[in-house]
Amino acid sequence: VRYSWPYENETERGTSECLRGLDFKIRDNKLSLACVFRSWDLIAGLPENLGGLAILLETTADWINSVKSDNLPEVTPGRLYGSSHGLHIYEEYLDFAKIWTNI
């Protein structure tokens, strides 16, 4: 994984983190999370990332409830939104992708 390679500046590393931003909002006592990715690996990235982000959403709602005043309503996990500027499948996963899609 190139993220852990030592580097002096970003151009030496040759890559950058895919997750670009997280945006939490509370509306009608529901906490939603929107995330933006630079690029998303359909097979090895997207499912695992969505699972982790769902846990983050639930954990954040629990934390908000633990620190809020007693006179405020409880916040519950709401929707998780994900977007990416690019979606790809690495060649090593093509056979799996064909089975997964019945191609």
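Side chains are part of it too, since the values below use all heavy atoms of this structure and drop only hydrogens, waters and symmetry mates.
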_Once rounded to the nearest 0.5 Å, what's the spacing between atom OG of Ser39 and atom CG of Leu19?_
12.0 Å
*Sequence neighbours excluded, every pair satisfying ring-ring contact (aromatic ring centres under 6.0 Å, His included) that has a member inside residues 26-53*: Phe37-Trp40
*Following the transitive rule for hydrophobic clusters with a side-chain heavy-atom cut-off under 4.5 Å over Ile, Leu, Val, Met, Phe, Trp and Tyr, establish whether Tyr81 and Leu50 coincide in one cluster.*
no
*Greater than 12 external heavy atoms within 6.0 Å of Asp23's CG*: yes
*Between Arg27 and Ser32, is any pair of side-chain heavy atoms under 4.5 Å apart?*
no
*Residues two or more places apart in sequence or in another chain: which of them pass side-chain contact (heavy atoms from CB on, under 4.5 Å) with Ile43?*
Asp41, Ile89, Tyr93, Phe96, Ala97, Trp100
_If the test is side chain to side chain contact (heavy atoms under 4.5 Å, CB included), which one of Ile64, Leu80, Thr76 qualifies with Leu31?_
Ile64
*At their closest point, which heavy atom of Ser84 faces which heavy atom of Gly86, and how far apart are they?*
OG-O, 2.6 Å
_Are Val75 and Leu33 linked, directly or through intermediate hydrophobic residues, by side-chain heavy-atom contacts shorter than 4.5 Å (ILVMFWY only)?_
yes
*Does atom CZ of Phe24 have more than 12 heavy-atom neighbours from other groups under 6.0 Å away?*
yes
*asked:* If we check side chain to side chain contact (heavy atoms under 4.5 Å, CB included) with Cys35, which of these qualifies: Leu53, Leu57, Asn49?
replied: Leu53
*asked:* If hydrophobic clusters are built by linking Ile, Leu, Val, Met, Phe, Trp and Tyr wherever their side-chain heavy atoms come under 4.5 Å apart, do Val67 and Leu72 end up in the same one?
replied: no
_Pairwise side-chain hydrogen bond (donor to acceptor under 3.5 Å, both in side chains) hits with a residue in residues 57-74, at least two apart_ = none
